[in-house]
Amino acid sequence: MPAQSALTDQTPAHVVIVGAGFGGMETARRLARARVRITLIDRHNYHLFQPLLYQVAIAGLVPSQIAYPIRTIFRHQANLTFRMGEVTAVDFEARFVKMDGSVTAYDYLVLAIGGQTNFFGLTSVEQNAHQLKNVTSAIQARNHLLKMFELASHEADDTQRRALLTFIVVGGGPTGVETAGALAELIRLVIAKDYPDMDLTEARVLLLEAEDHLMGAYPPGLRKATFDLLAKKKVEILLSTKLADFDGVKVTLGDGRQIASHTLIWTAGVRAAGLADLLGVQQAASRRLVVQDTLQLSGHPEVFVLGDAAYLVDAGGQPLPMLATVAQQQARTAAQNIVRMLSGRTPANFHYRDPGLLATIGRNAAVARIAGLSFSGFPAWVIWIFLHIYRLIGFRNRLFVLINWAWDYLLYDNQVRLITRD
Ligand SMILES: Cc1cc2nc3c(=O)[nH]c(=O)nc-3n(C[C@H](O)[C@H](O)[C@H](O)COP(=O)(O)OP(=O)(O)OC[C@H]3O[C@@H](n4cnc5c(N)ncnc54)[C@H](O)[C@@H]3O)c2cc1C
């Protein structure tokens, strides 16, 4: 293997990491002291804290508060070079990645390319819905949401005005629940103050979920708590409801019912990032790349795949969830395995330690399962706030987000109510 011969040659092995999200960044950090040379590649020059993207969409935070320049993060890591660019192919035999017309050879490759929105073939939804997956899509959603209130404020036709003020969120997982709850509060507590002449009781937030419950991964008690907390915030929840079509002005449900609305936010699916389809290796559900227990690609022990892009089942036979915690833990295993291989040892298997579940439903409301204990309401919300502040990168971001949230909480005011584009 080139990696081993590199070791005997006394030149550090070259580790190429594609993706500077949760998994890629953690892998790079864990290899800081290893005798390797790292090239970290990402199509963006920043690491994005995706769990707070919905806050950008509901005008609560600006993108720079949840994103951080990769070069700044690794400023002091001497064995790492960052390259911004899109990897378009991997030659597993010759061991190089292709990017922007050039090739980069590797001894070890870590694919931490994450995921993208899965529309399950619903073309009309893909064309007309908003999604929360990157900075651009979150800003587009914010611009659109705010514009609906501007248009509604001078719309004399009752039917048309109600359609402008009907907001539909699809997907009853944590992102959909968080978005629907926050949107309902934005309308009731903030927008209502900006438009004193408008009757905002006309505004509706609907949450559509295909299953007969919200928050599938959560225990039944917390699913019910989520339902009750959302209902209290006047979110209309439609369970066992499938979406069939959205043409930009009306939603058609699976049973043929139609709802006039100009806004659909799709949070109902994630699949592995597009590069996964171009690699010619085995894919499973959600087009994730099948990996061995050691996170290596079968037949390519020098290639590791982790995070949202990797398909691995847990002890119960269920695919590991697409969560930042999974990606970060897998990153530690992948980094350790590279170090083990460099010293001639066999790679170790990955075991996921579930740290619990936590999702917010808006002001003073969240649901949590931590250390086997399930609870909801204010205590869960406080934990959610401080955990998310802690997990953000950069002291300045932590401070500004905390100040922002305290401001919003005390003054009922979302700071970023700017329409920055048509
Ligand atoms: C709105 C939202 C809310 C979420 N909330 C939570 C939560 O509360 N808790 C939780 O644990 N998880 C949450 N998640 C999931 C979590 O963000 C993902 O599981 C996690 O980001 C996966 O990490 P990753 O390293 O696999 O991929 P990512 O963090 O997505 O990173 C992948 C990186 O690869 C780069 N990339 C992709 N393809 C290429 C290419 N071809 N060339 C170059 N670069 C490429 C991307 O630009 C990206 O930076 C949420 C996700 C979303 C979208």
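None of the values given here were measured: they were computed from a predicted structure. Ligands are counted one by one from 1 in listed order, and the atoms in each one are counted from 1 as well.
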Atom 34 (O) of ligand 1 sits nearest the protein heavy atom Gly19 CA, 3.2 Å

Taking side chain as C-beta onward, heavy atoms only, is Ile237 less than 4.5 Å from Phe227?
-> yes

Check whether any N or O atom of Phe22, backbone or side chain, sits under 3.5 Å from an N or O atom of ligand 1, and answer yes or no.
-> yes

Check whether the side chains of Ser137 and Gln131 place a donor and an acceptor atom closer than 3.5 Å, and report yes or no.
-> no

With Arg363 as the cation and Tyr409 as the aromatic partner, state whether NZ or CZ is under 6.0 Å from the six-membered ring centre and within 45° of the axis.
-> yes

Under 3.5 Å between some N or O of ligand 1 and some N or O of Arg43?
-> yes

For atom 18 (C) of ligand 1, which protein heavy atom lies nearest, and how many Å away is it?
-> Asp308 OD2, 3.4 Å

Sorted by chain and number, sequence neighbours left out, ring-ring contact (aromatic ring centres under 6.0 Å, His included) with Tyr311 holds for none

For ligand 1, find out whether one of its N or O atoms is nearer than 3.5 Å to an N or O atom of His388.
-> no

Compute the shortest N/O to N/O distance between Thr175 and ligand 1 and return yes if it is under 3.5 Å, no if not.
-> no

Can we say Arg417 and Asp194 salt-bridge, meaning some charged N sits less than 4.0 Å from an Asp/Glu carboxylate O?
-> yes

If you measure every N/O of Leu132 against every N/O of ligand 1, is any gap under 3.5 Å?
-> no

Should the pair Asp354-Arg369 be classified as a salt bridge under the 4.0 Å nitrogen-to-oxygen rule?
-> yes

Ignoring angles and geometry beyond distance, decide whether Met322 reaches within less than 3.5 Å of ligand 1 through its nitrogen or oxygen atoms.
-> yes

Any ion pair linking Asp277 and Arg287 (charged N to carboxylate O, less than 4.0 Å)?
-> yes

In the protein, what heavy atom is nearest to atom 35 (C) of ligand 1, and what distance, to one decimal place, separates them?
-> Asp42 OD2, 3.2 Å

Does a side chain donor of either Gln296 or Asn337 reach within less than 3.5 Å of an acceptor in the other side chain?
-> no

In ligand 1, which numbered atoms sit nearer than 4.0 Å to a non-hydrogen atom of Gly21?
-> 25 (O), 28 (P), 29 (O), 31 (O), 33 (C), 49 (O)

Within 4.0 Å of some non-hydrogen atom of Gly85, the atoms of ligand 1 are 42 (N), 43 (C)

Heavy-atom gap Ala112 to ligand 1 smaller than 4.0 Å | yes

Nearest non-hydrogen protein atom to atom 42 (N) of ligand 1, with distance, is Val87 N, 2.9 Å

Option with minimal heavy-atom separation from atom 10 (C) of ligand 1, where the choices are Ala324, Ala331, Ala276 | Ala324

Electrostatic pair Lys224-Asp228, nearest N-O below 4.0 angstrom | yes

